[in-house]
Amino acid sequence: IVYEIQNDNLLACGGGGGGGGGGSSPAARKAKKAKKAKAKLNFKKRQLSKMAAAGESTSALQAEIDLLEKDLEELEK
């Protein structure tokens with residue numbers, strides 16, 4: 001009987017959170033997304049400079065970087 005009561009409590013308290021975000025505010029989620037985008041952008045830029053130094057084609061990677069920069073601008077508005 002005690003187990004069932006505890007189980008009911010867990011079910012009653014367990015919902016919410018919005019999935020993966022832990023109930024963080026929209027501003028916090030946006031900030032987290034912007035931080036991830038910046039990290040990804042910096043990684044791609046380092047990758048681009050390595051490829052350029054090696055004499056490889058960088059046009060596809062440059063297009064990705066341009067897209068990431070545009071997305072980041074949107075997130076920071």
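These numbers come from the heavy atoms of this one structure, side chains and all, not from hydrogens, waters or symmetry mates. From a predicted model like this one, the values you see are computed outputs, not experimental measurements. If you read the sequence from its start, that first residue is 1, and numbering goes on from there.
Atoms CG and CG, from D66 and D71 in turn, are 11.0 Å apart once rounded to the nearest 0.5 Å. For the atom pair NZ of K45 and CG of L68, the computed distance is 10.0 Å after rounding to the nearest 0.5 Å. Atom NZ of residue K50 and atom CD of residue Q47 lie 8.0 Å apart, to the nearest 0.5 angstrom. Rounded to the nearest 0.5 Å, atoms CD1 (I65) and CG (N42) are 9.5 Å apart. In this structure, the separation between CE on M51 and NZ on K44 is 9.5 Å, given to the nearest 0.5 Å.
Between K33 and E74, none of the side-chain N atoms (NZ, or NE/NH1/NH2) sits under 4.0 Å from a carboxylate O, so this pair counts as no salt bridge. At a threshold of 4.0 Å, the pair E64-K40 does not count as salt-bridged, since none of the basic side-chain nitrogens sits closer than that to a carboxylate oxygen.
When all heavy atoms are compared, the tightest approach of A37 to L72 is CB-CD1, 3.8 Å. Contact detail for T58 and A52: the closest heavy-atom pair is CG2-N, 3.8 Å.
In this structure, S25 contributes its side chain and A28 its backbone to a donor-acceptor pair below 3.5 Å.
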